[in-house]
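Written out below as structure tokens is the structure these notes cover.
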Amino acid sequence: MGDTCTESSLVHGLSNLNVNERIRDDYIMWDEYFMSIAFLVSNRSKDPSTQVGACIVNDKNRIVGQGYNGMPRRCRDNAFPWDKTNPNPLETKYFYVCHAEMNAIFNKNCADISNCKIYTVLFPCNQCTKTIIQSGISEVVYMCDKNKNKPEAIASMKMLEAAKVKCRQLKFTVDGFKIDFKQFVCLQCPANTIVQERSKDGLRGRENCLPWRDYFLALSILVAKRSKCPDQQLGACVVNDENCIVGQGYNGMPMKCSDKVFPWGTDSTNPLENKFLYECHAELNAILNSGLKTKGCVMYTITFPCNECAKAIIQSGIRKVVYLSKPKKEPEVVAAKRMFQAAKVKYRQHKPKQQVVYLDFKSIEG
Ligand SMILES: O=c1ccn([C@H]2C[C@H](O)[C@@H](COP(=O)(O)O)O2)c(=O)[nH]1
């Protein structure tokens, strides 16, 4: 991913002039991207009243943990109460539910998360703050502070200050995003176009939380929004058998290869001035960003992988590929299928339950 770039580098065969007249400038910035991911993962929560999400990011801008508020592992979501009030406190959710921030920390895919940032939809409570501080996280970025006057939030702030954990609120300039599974795009959307209510149904838990496969494919579309490719923004993620995301990637120039030097064009007669010799595909980046903990994992991707990515998928021990769009009949795809069949890597197209997932940033204000 070409974000840390040396703009002055001169590469043999390429001029240092701006080779990218068509370069995309509507890609999502890091802060908005990570908070949108925290928001997307909150769509997995069964809590009928408040859905919270969090994601942890390391100093290389890689996501190393994600979580949403839910019942503890092996405690089935619908076997425990979701009520907010009950004369018997044991019949409310509060004794049982694990908060999003805590879950993001326990779902981490690397041993050490010290000096990481946590992006969270809600300002963290005192219990999560203890866990955040003890794991060495150095910055908290939150979206909503609706609980700021509650003792839990005041205690949090006191501890974060004492522990010198940076803390800031992120305000979005857009009301929300629409992730469209048919068009494979994530678009800004004003509040009055958001038609999907976050349901408040079922005291035994929301019925319409985002299913796992839909979530991983929605995430791939969101990840793609980081890509600077003017033609097609693509994304992929690698998921282990505990449904933890171990890597994600989007199509981009290799690290340190500046978009000001390497071309995004496709129609030059000189192959060195087209993107194809340089661009890293989303699938390859997702594997390489995973710290290579990919054995036995599933890859979720927007398009069927090309032959080069298929080689990387097979060599990294991924056992299955789930993709969104119908594969094209190009030789790259045919070759990829041939290798998958020989290597016994399963592949299947997934059709999400709903056509659109909305990230309605205003909904968290309650
Ligand atoms: O920092 C936080 C604070 C709260 N949560 C979770 C815990 C519950 O599931 C809901 C809050 O429910 P209310 O009905 O609004 O009381 O949010 C969290 O994950 N992180």
Side-chain angles (χ1 to χ4, degrees), residues 34-56 65-73 75-108 116-135 137 139-161 163 165-170 197-210 215 359-366:
F34 294 128
M35 192 60 88
S36 301
I37 288 194
F39 211 92
L40 174 62
V41 68
S42 76
N43 274 279
R44 286 274 320 143
S45 174
K46 286 240 167 79
D47 191 322
S49 76
T50 309
Q51 299 93 41
V52 188
C55 87
I56 302 172
Q66 304 184 33
Y68 59 87
N69 51 329
M71 293 303 165
R73 278 170 211 257
C75 298
R76 279 189 301 113
D77 278 312
N78 55 8
F80 286 84
W82 280 107
D83 304 24
K84 281 161 79 94
T85 53
N86 191 294
N88 178 358
L90 285 173
E91 289 305 317
T92 72
K93 63 184 170 183
Y94 296 107
F95 275 111
Y96 315 105
V97 70
C98 299
H99 287 193
E101 300 88 330
M102 174 194 184
N103 279 336
I105 292 170
F106 282 102
N107 288 340
K108 67 185 180 200
C116 286
K117 292 185 211 170
I118 187 163
Y119 286 77
T120 173
V121 163
L122 264 187
F123 182 76
C125 73
N126 61 311
Q127 292 296 352
C128 291
T129 294
K130 295 178 203 173
T131 318
I132 288 170
I133 295 172
Q134 294 306 73
S135 20
I137 287 176
E139 186 169 356
V140 173
V141 187
Y142 62 95
M143 186 147 104
C144 170
D145 62 354
K146 67 179 180 185
N147 297 330
K148 67 176 177 223
N149 296 324
K150 293 194 176 157
E152 290 87 340
I154 297 169
S156 280
M157 197 48 98
K158 274 187 165 180
M159 289 188 280
L160 292 171
E161 273 170 22
V165 174
K166 284 192 243 157
C167 188
R168 65 187 159 97
Q169 186 171 28
L170 182 71
E197 275 243 327
R198 293 194 135 200
S199 86
K200 311 251 178 224
D201 57 350
L203 288 176
R204 308 309 285 183
R206 283 164 81 219
E207 299 301 332
N208 72 343
C209 76
L210 200 58
Y215 163 61
L359 306 184
D360 177 1
F361 299 138
K362 299 274 179 265
S363 63
I364 191 65
E365 306 290 342

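Start at 1 and go down the list; that is how both ligands and their atoms are numbered. Worth saying up front: this structure is predicted, and the values here are computed from it rather than measured.
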How far is atom 15 (O) of ligand 1 from the closest protein heavy atom, and which atom is that? T50 OG1, 2.6 Å
Determine, considering heavy atoms only, which of N69, N126, D83, T85 sits nearest to atom 6 (C) of ligand 1. N69
Where ligand 1 meets K84 - atom numbers and elements under 4.0 angstrom, heavy-atom basis: 13 (P), 14 (O), 15 (O), 16 (O)
Check the angle between the aromatic planes of F361 and F39 and answer parallel, tilted or perpendicular using the 30° and 60° thresholds. perpendicular
Specify the protein heavy atom at minimum distance from atom 12 (O) of ligand 1: its residue, its atom name, and the distance to 0.1 Å. K93 NZ, 2.9 Å
Note the single closest protein heavy atom to atom 19 (O) of ligand 1, along with its residue, its atom name and the distance in Å. A100 N, 2.9 Å
So, does Y94 sit close enough to ligand 1 that a heavy atom of it is under 4.0 Å from the ligand? yes
For F123, the atoms of ligand 1 under 4.0 Å from one of its heavy atoms are 1 (O)
Check this for me, if you would: do D83 and K93 make a salt bridge, where the nitrogen-to-carboxylate-oxygen distance has to be below 4.0 angstrom? no
Testing I364, T120, L170 one by one against M143 for a side-chain contact (heavy atoms from CB on, under 4.5 Å), which residue passes? I364
Give the residue and atom name of whichever protein heavy atom lies nearest to atom 4 (C) of ligand 1, and the separation in Å to one decimal. H99 CE1, 3.6 Å
closest protein heavy atom to atom 9 (O) of ligand 1 is D47 OD2, 2.6 Å
May I ask you to check whether P124 has an N/O atom sitting below 3.5 Å from an N/O atom of ligand 1? no
